[in-house]
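Since we're looking at a predicted model, the values are computed, not measured. Lettering of chains follows the sequences in order, A, B, ..., and the numbering in each one begins at 1.
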Amino acid sequence: MYANPNSIINPSLWPNGPAPGCFFNFPGTSVTSTSSKSGIITRTQSPVTTGTSILGLVFDGGVMLAGDMLGSYGSMAKFRSIERIIKVNNSTVLGATGDIADFQHLKAIIEQKVIDEDCADDGFTLKPKALHTWLTRVLYNRRSKFDPLWNTFLVAGIEDGEPYLGCVDKIGTAFSDSKIATGYGAHIALPLMREGLEKKPQMTKEEARALLINCLRVLFYRDCRALNKHQIATITKEGVTIENNIELDTNWEVANFVIGYE
Amino acid sequence: MASTKVVNIPKGGFSFENCQRNNFMANQGFPAPKAVKTGTTIAGFIFKDGVILGADTRATEGNIVADKNCFKLHYMAPNIYCAGAGTAADLEMTTLQMSSQLELHRLNTGRQIKVATANRLLKQMLFRYQGHIGAALVLGGIDSSGPHVCCIYPHGSTDSLPFVAMGSGSLAAMAFLESGWKPDMELAEAKVLMRNAICGGIFNDLMSGSHVDLCIITREKAEMIRPFEVANVKGERQGSYRYPHGCTATLSTRVIPIEIESTVVRPVAEESMDTA
């Protein structure tokens with residue numbers, strides 16, 4: 001009895017036009033991101049502004065994270081004061097490799113989480129392992145929807161009095177270890193860190209710092225997307241300290257030995 | 001009019017005839033078979049008295065270890081040795097060919113071969129084959145102008161540097177070399193640094209493994225130490241599952257002799273050789 005008013009007034013008001021809540025593909029443009037033959041919608045990503053390796057090391061009484069402060073725009077060293085290591089609370093620190101935008105998105109969510117926890121005021125704060133597990137679920141869920149957050153995260157902190165260091169991949173691979181390095185650090189710095197820890201499993205804070213700075217130096221020599229300005233975060237039972245803008249001293253004496261290419 | 005069969009003596013070298021056919025076949029779904037590679041850690045650097053080269057000893061075929069103790073330090077000349085990463089066959093043949101060429105050159109000139117000569121010959125050959133010969137080399141030696149270490153890439157580019165590392169484990173080896181190399185190192189500390197660099201590759205790279213081989217080239221001699229360090233010892237079997245004789249009790253014995261019914265002897269005549 002009551003017919004659709006649209007069809008009476010204007011049967012084809014806006015044929016093939018935008019519908020609320022749906023994607024609208026403007027006619028004449030090529031559509032790249034919608035369904036393939038199988039019907040799966042994939043939003044393929046490539047990271048835009050990226051951060052390179054983060055290194056994490058457990059020492060006697062705490063954990064240390066180190067990473068440089070560069071946001072690379074492809075091969076351009078565009079943002080040279082990006083803080084890729086952030087303090088979550090007094091017992092947890094988070095470091096990120098990969099797309100900076102995705103990291104900043106999660107950073108805002110985590111900061112809100114901490115505020116909410118503060119407001120609840122029940123004496124409980126987010127522990128590193130809990131943050132690690134939550135991150136794993138978030139990242140795996142996103143990858144299962146073919147829309148990953150293009151990052152590798154390092155979670156470091158003190159969990160029940162013991163130092164904790166964990167890593168999550170953009171596809172949701174999670175593990176924890178006493179020494180972790182992401183990105184190129186896994187190939188270049190991790191052998192050095194493994195050897196250092198084998199020689200002395202319980203390092204002091206100063207030794208750990210020296211080892212990490214040596215690794216950062218080698219990374220600056222051999223990683224094209226590295227910078228010589230760093231952050232080092234130390235987490236102990238006393239709390240979290242993040243030092244920014246640490247410059248590296250580098251040795252270019254080798255240049256004197258290189259003449260030609262034969 | 002007789003047709004003369006001209007015997008074509010083929011020119012030496014690689015023939016690129018089959019490349020188009022191979023590409024076509026790969027597109028149709030029949031790719032070329034995997035070669036035995038030496039996914040490797042090799043390194044070389046200059047120390048006070050000369051040059052030191054090091055290599056691991058694992059040869060891989062895909063994800064399988066084809067040879068647990070292969071030899072990656074090749075002889076080029078009495079004063080020049082070469083460590084190789086890449087396709088095992090290519091490395092072996094390239095270094096053998098080059099070593100012969102160098103010997104002929106030495107006989108021709110009557111002088112000790114320069115490292116730069118070996119470098120030039122290798123890079124000219126590799127460039128000619130446009131990277132199809134998968135040989136990445138660390139060439140090291142000592143000649144009248146001092147010690148030299150060069151790295152030669154499969155496409156034919158070379159770098160002459162104080163310290164180099166090549167192969168899949170090169171990032172790990174290079175990390176140790178960057179941390180520990182300094183000019184004018186003594187032999188003892190040079191050996192330790194090289195051992196650390198190669199072990200870095202062995203323990204952190206899946207395609208490198210087993211032991212560390214070293215080659216130390218000084219003005220007086222070239223010393224090959226194989227193995228310098230047995231980094232991965234095969235485990236000792238703790239016990240034996242063999243049961244000793246007599247541990248199972250015999251409950252009863254029954255002997256059934258085989259009865260010989262008859263014996264037939266049939267002589268076989270000796271056959272003459274068939275010379276058809």
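Formation of a donor-acceptor pair under 3.5 Å by the B:Ser160 side chain with backbone atoms of A:Tyr261 is not found in this model.
Around the NE2 atom of A:His187, the shell of radius 6.0 Å holds no more than 12 heavy atoms that belong to other residues, nucleotides or ligands. Heavy-atom contacts from other residues, nucleotides or ligands closer than 6.0 Å to OH of A:Tyr140 number 12 or fewer. Heavy atoms of other residues, nucleotides or ligands lying less than 6.0 angstrom from CG of B:Asn63 number 12 at most. Within a 6.0 Å sphere centred on NZ of A:Lys129, other residues, nucleotides and ligands contribute 12 heavy atoms or fewer. When the shell of 6.0 Å around CG of B:Leu107 is examined, it contains more than 12 heavy atoms from other residues, nucleotides or ligands.
The CD1 atom of A:Ile188 sits 12.0 Å away from the CZ atom of B:Phe176 when rounded to the nearest 0.5 Å. Of the inter-residue distances, the one linking A:Glu253 atom CD with B:Trp181 atom CH2 reads 10.0 Å to the nearest 0.5 angstrom. Annotation: the span from A:Leu219 atom CG to B:Leu171 atom CG amounts to 10.0 Å, rounded to 0.5 Å.
The salt bridge (charged side-chain N to carboxylate O under 4.0 Å, His left out) pairs that include a residue from residues 104-113 of chain B are B:Glu103-B:Arg106, where partners are two or more places apart or lie in different chains.
By the ring pair (Phe, Tyr, Trp, His ring centres under 6.0 Å) test, A:Tyr184 is found to be paired with no residue, residues two or more places apart in sequence or in another chain being considered.
Put simply, of B:Ala116, B:Ser179, B:Cys150, the one with the most heavy-atom pairs under 4.5 Å next to chain A is B:Ser179. No other option in A:Glu195, A:Arg217, A:Arg222 has as many heavy-atom pairs under 4.5 Å with chain B as A:Arg222.
A salt bridge links A:Glu262 with B:Lys123; the closest basic N to acidic carboxylate O contact falls under 4.0 Å.
Closest non-hydrogen pair, B:Ala175 versus A:Val218, comes out as CA-CG1, 3.8 Å. A:Phe257 and B:Pro183 make their closest contact through CZ-CB, 3.4 Å (heavy atoms, listed as atom of the first residue, atom of the second, distance).
With a 4.5 Å cut-off on non-hydrogen atoms, B:Asn196 touches chain A through its side chain but not through its backbone.
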